[in-house]
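Side chains included, hydrogens not; waters and symmetry mates left out as well; all remaining heavy atoms used. Atoms within a ligand are numbered from 1 in the order they appear, just like the ligands themselves. Note that the coordinates shown come from a computational prediction; the quantities given were computed from them, not determined experimentally. Numbers for residues simply follow the sequence, beginning at 1.
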Amino acid sequence: MENVLVTGGLGFIGSHTVVELIAQGYKVFIADNLSNSKIEVLDRIEKITKVKPEFFNIDLTDKEKLFNLFSTYNLDSIIHFAASKAVGESVQKPLLYYKNNLSSLINVLECCRELKVNNLIFSSSCTVYGQPDKLPVTEKTPKQQAESPYGNTKQVGEEIIEDYCNSNVDFKAISLRYFNPIGAHDSALIGELPLGIPNNLIPFITQTASGIREKLNVFGGDYDTPDGTCIRDYIHVVDLAKAHIAALKHANSSKVNYDFFNVGTGKGHSVLEVIQTFEAQSGMKLNYEIVERRPGDVEKIYADTTKMNQELGWSAEKDLNDMISSAWKWQKSLIKS
Ligand code: UFG
């Protein structure tokens, strides 16, 4: 059985990936400092999988604790999710973002080097492409100057990993550039748990529909898109979780020691389309208003997923209806609990 350490394994994408890893027979170890997740998620994972992964409340900026974990267990691979991820907050607190996201990555890589763990999957983001000139974006689309310190941590993170791969031929790493992960596990036992007022569209919609927020502000109705609102490539979190397992298998067998892939569906949906899908799925009318643009928003972006489809044999299985209905089922379960 392969031992996989999942950092940030109690978070939104991390927890769904842990469930898929267990289903595929991996032994999972979770390191998470609970800064943006809850310990209850561990029990939820156990409810779904009937397996309780080993859990360590560790801040990855603490190298000593991380090293202890690495040296106690014979780890084969690392999936590194743990990071701060709020774009706006990163502009206010850049040093916190560089420290949390980069020094923890360096600690992970140093532990890998010191204990000869040779596989890493890294959470990157389509934010590395900025607003591309041509759509859809392929992995060859040039990266652009990051719009925020958060985005920069993803760009620099990828570079650090690539440089390290170049210096160590035994080390294999893959960066996955996520588009917009949404939705929740079918069981509605795990999902996204935003702290405070959500920044992202889907939790804001579901919280508005359940009366927690008064109305949704749609940021900008005058973009150069068919209905004037921004376009994104939304991907179901369970599909994204499965992409990590495909990447893990690929890294193990690949001759290339560093690679990167887009993970999306390849389809773009506007904000208004998302709202209409929500209304159709829930049978409710959503209270929303089109307001000013949000600074820093990209107008439209969606992925070319050919590389992922062909080289990793992975493709998204779920569509926007599945994403929205599962996110709504999850939100309703939160209200009940
Ligand atoms: N939106 C609204 N109202 C809201 C929230 C969002 O209209 O209350 C709109 C945004 O303007 C955007 C779309 O919904 O057009 C999606 O916004 P999200 O905040 O859900 O997602 P982003 O595409 O802005 O950001 C996501 C991730 C980031 C990542 C970025 C990369 O949250 O971590 O994609 O492009 F960096």
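Defined by atom type and a distance below 3.5 Å, a donor-acceptor pair is missing between the side-chain atoms of Glu214 and Asn287.
Figure legend: Arg293 and Tyr223 shown as a cation-pi pair, the cationic atom lying under 6.0 angstrom from the six-membered ring centre and within 45 degrees of its axis. A cation-pi geometry, defined here as NZ or CZ lying under 6.0 Å from the six-membered ring centre and within 45° of its normal, holds between Lys27 and Phe29. The cationic atom of Lys307 (NZ for Lys, CZ for Arg) lies less than 6.0 Å from the six-membered ring centre of Phe260 and within 45° of the ring axis.
In Asn199, the part holding a heavy atom less than 4.0 Å from any atom of ligand 1 is the backbone. If you look at Asp297 next to ligand 1, the close heavy atoms, those under 4.0 Å, all belong to the side chain. Residue-level proximity to ligand 1 for Arg232 is carried by the side chain, the only part with a heavy atom below 4.0 angstrom. At a heavy-atom distance under 4.0 Å, no atom of Tyr178 approaches ligand 1. At a 4.0 Å heavy-atom cut-off, ligand 1 touches Tyr150 through the side chain alone.
Ranking protein heavy atoms by distance to atom 17 (O) of ligand 1, first place goes to Arg294 NH2, 3.4 Å. For atom 27 (C) of ligand 1, the closest heavy atom belonging to the protein is Asn200 ND2, 4.1 Å. Of the protein's heavy atoms, Tyr234 OH, 3.5 Å lies nearest to atom 16 (C) of ligand 1. Of all protein heavy atoms, the one closest to atom 20 (O) of ligand 1 is Leu201 N, 2.9 Å. Ranking the protein heavy atoms by distance from atom 21 (O) of ligand 1 puts Asn180 ND2, 3.1 Å first. For atom 15 (O) of ligand 1, the closest non-hydrogen atom of the protein is Cys230 CB, 3.0 Å.
Considering backbone and side-chain N/O atoms, Ile202 never comes within less than 3.5 Å of an N/O atom of ligand 1. Not a single N or O atom of Cys126, backbone or side chain, sits closer than 3.5 Å to an N or O atom of ligand 1.
Ring pair Phe56/Tyr73: centre-to-centre distance below 6.0 Å. No close placement of the Tyr26 and His244 rings is indicated, their centers lying 6.0 Å or farther apart.
At distances below 3.5 Å, at least one donor-acceptor pair connects side-chain atoms of Lys172 with backbone N or O atoms of Ser254.
Counting non-hydrogen atoms of neighbouring residues, nucleotides and ligands closer than 6.0 angstrom, the NZ atom of Lys215 exceeds 12 such neighbours.
For ligand 1, the atoms lying closer than 4.0 Å to a non-hydrogen atom of Val218 are 7 (O).
One option in Phe204, Phe219, Tyr288, Tyr223 has a heavy atom closer to atom 4 (C) of ligand 1 than any other, and that option is Phe219.
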